[in-house]
Asks: 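Got a structure here, written out as structure tokens. Questions coming.
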Number of protein chains: 2
Amino acid sequence: MGTTKTDLFTKEQNEIALMMKAIAHPARIAILQELLKINACVCGDLVNELGLAQATISQHLKELKSVGLIQGTIEGTSVCYCIDPVVWNEYRQVFTDFFMVMDNTNKCC
Amino acid sequence: MGTTKTDLFTKEQNEIALMMKAIAHPARIAILQELLKINACVCGDLVNELGLAQATISQHLKELKSVGLIQGTIEGTSVCYCIDPVVWNEYRQVFTDFFMVMDNTNKCC
DNA sequence: GAAATCAATCGTAATATTGCGATTGATGGG
DNA sequence: CCCATCAATCGCAATATTACGATTGATTTC
């Protein structure tokens, strides 16, 4: 118990869920927005910006990196993070498709 | 510990996170897709369709209802669930805005 | 009214997530 | 080489999520 029963659902359903989950945290949204704004970032800046501990932010960055949304390259002592535009656009497409299905005229109850 | 520190983030960031979280589960995605497809549904059908226990599906329906994405009206012994098109379109707009910010030409690292 | 049916709720167990202090590993400057 | 700095990782605690059996409450049917 306690684990999501992924075998009951389609590959697409599981993938969309994972994509949503990757972004479904205010800290990760803040990180993404920050990266979008200044178009490049080192982790230290994010620690100062967000107010969370360094270990916590590093963990959120790891999650975003694991789904490919961001990438980090070592830049001297610090690490430069930025959004991967290809993956970002894939996400946009998937989300757009998901919400586009709606035929909003019919409302049965 | 263990709790998300919502006070560190903007109202918008927390709201987007909650919206994503509401959908970030394959069962809830399956429910939404099913509701979109047949445009109306009773809970029993979903139990047969998804393979999860009745209590579990009822719980997922409750979560979707709590964010306003679906609404249920009592129809005899069963309950008729359907998507609220207004909230659905709000979600679409928020998600579209979130992903639209990208200026995908620049990639720093 | 009794039995049947459907969905919500309760209680509980298992697992996942969030957050942080402390440590580690790598790099640059002196 | 030694020290400072930055980010990743480890280990832990607190909380949240997921799932289900059992029960409850409402409604329909007989």
Side-chain angles (χ1 to χ4, degrees), chain A residues 1-9 13-14 17-31 34-35 40-67 70-82 109, chain B residues 1-9 13-14 17-31 34-35 40-67 70-82 109:
Chain A
M1 259 185 275
T3 324
T4 300
K5 293 198 160 181
T6 51
D7 53 306
L8 289 177
F9 310 104
Q13 286 162 348
N14 285 314
L18 284 180
M19 291 168 81
M20 296 253 182
K21 209 156 82 169
I23 312 181
H25 191 287
R28 295 196 285 276
I29 289 174
I31 289 171
E34 190 71 12
L35 288 179
C41 205
V42 290
C43 183
D45 292 0
L46 291 169
V47 174
N48 297 334
E49 201 78 35
L50 300 186
L52 288 169
Q54 183 263 323
T56 308
I57 291 183
S58 195
Q59 204 173 350
H60 284 303
L61 286 169
K62 189 184 176 186
E63 287 182 68
L64 290 172
K65 216 166 27 168
S66 77
V67 296
I70 65 173
Q71 52 187 199
T73 47
I74 298 166
E75 194 88 22
T77 18
S78 59
V79 176
C80 174
Y81 280 107
C82 65
C109 43
Chain B
M1 257 186 276
T3 326
T4 300
K5 293 197 157 181
T6 51
D7 53 306
L8 289 177
F9 310 104
Q13 286 162 348
N14 285 313
L18 284 179
M19 291 168 83
M20 296 251 183
K21 210 155 82 170
I23 312 181
H25 191 286
R28 294 197 286 277
I29 290 174
I31 289 172
E34 190 70 13
L35 289 179
C41 205
V42 291
C43 183
D45 291 359
L46 291 169
V47 174
N48 296 335
E49 201 78 36
L50 299 187
L52 287 169
Q54 184 263 322
T56 308
I57 291 183
S58 196
Q59 205 172 350
H60 284 303
L61 286 169
K62 190 184 176 187
E63 287 181 67
L64 289 172
K65 216 165 29 168
S66 76
V67 297
I70 66 173
Q71 52 186 198
T73 48
I74 298 166
E75 194 89 20
T77 20
S78 58
V79 176
C80 174
Y81 281 107
C82 64
C109 43

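Naming convention: chains lettered A, B, ... in sequence-line order (proteins, then strands); numbering from 1 in each chain.
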Asks: Distance check needed: C/dC6 P versus B/Asn48 CG, whole Å only.
Replies: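 Nearest whole value for this atom pair: 9 Å.
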Asks: What is the distance from NZ of A/Lys62 to C1' of C/dT17, rounded to the nearest Å?
Replies: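 Rounded to whole Å, this separation is 13 Å.
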Asks: Where do N or O atoms of nucleotides 23-28 of chain C meet protein N or O atoms at under 3.5 Å, pair by pair?
Replies:
none

Asks: CD1 of A/Ile31 versus P of C/dG19: gap in Å, rounded?
Replies: 10 Å
Asks: What is the distance from CD1 of A/Ile29 to P of C/dT18, rounded to the nearest Å?
Replies: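 Between P of C/dT18 and CD1 of A/Ile29: 11 Å.
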Asks: Please name all residues satisfying side-chain contact (heavy atoms from CB on, under 4.5 Å) with A/Ser66, sequence neighbours left out, ordered by chain then number.
Replies: none
Asks: Please report, rounded to the nearest Å, how far the P atom of C/dT18 is from the CG atom of A/Leu64.
Replies: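 Checked: the CG to P distance equals 11 Å.
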Asks: Please report the distance, rounded to the nearest Å, between CD in B/Gln71 and P in C/dA8.
Replies: 14 Å
Asks: Just list the side-chain donor-acceptor pairs under 3.5 Å for residues 55-63 of chain B, sequence neighbours left out, or say none.
Replies:
from: B/His60; atom 1: ND1; to: B/Arg28; atom 2: NH1; distance (Å): 2.9
from: B/Glu63; atom 1: OE1; to: B/Arg28; atom 2: NH1; distance (Å): 3.4
from: B/Glu63; atom 1: OE2; to: B/Arg28; atom 2: NH1; distance (Å): 3.4

Asks: List in chain and number order the residues that pass salt bridge (charged side-chain N to carboxylate O under 4.0 Å, His left out) with A/Glu49, two or more places apart in sequence or in another chain; answer none if no residue qualifies.
Replies: none
Asks: Answer with base, sugar-phosphate or nothing: what part of the nucleic acid does B/Val47 contact at a heavy-atom distance below 4.0 Å?
Replies: nothing
Asks: For the helix from C/dG1-D/dC30 to C/dG30-D/dC1, what angle lies between the axis at the first five pairs and the axis at the last five pairs, to 10 degrees?
Replies: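 Here the local axes at opposite ends form an angle of 20°.
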Asks: Taking N or O atoms only and anything under 3.5 Å, show me the protein contacts with nucleotides 16-19 of chain D, one pair per line.
Replies:
from: D/dT17; atom 1: OP1; to: B/Lys21; atom 2: NZ; distance (Å): 3.2
from: D/dT18; atom 1: OP2; to: B/Arg28; atom 2: NH1; distance (Å): 3.3
from: D/dT18; atom 1: O2; to: A/Gly2; atom 2: N; distance (Å): 3.2
from: D/dA19; atom 1: OP1; to: A/Lys5; atom 2: N; distance (Å): 2.7
from: D/dA19; atom 1: OP2; to: B/His25; atom 2: NE2; distance (Å): 3.2
from: D/dA19; atom 1: OP2; to: B/His60; atom 2: NE2; distance (Å): 2.9
from: D/dA19; atom 1: N7; to: B/Gln59; atom 2: OE1; distance (Å): 3.2

Asks: Tell me which nucleotide among D/dT9, C/dA7, D/dC20 gets nearest to the side chain of B/Ser78.
Replies: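 Shortest atom-to-atom distance from the side chain points to C/dA7.
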Asks: Could you tell me the separation between the CG atom of A/Asp45 and the P atom of D/dT5, rounded to a whole number of Å?
Replies: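 So the two atoms are 16 Å apart, to the nearest Å.
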Asks: Rounded off to whole Å, could you give me the CD-to-C1' distance for the B/Glu75 and C/dC6 pair?
Replies: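 Result: 13 Å.
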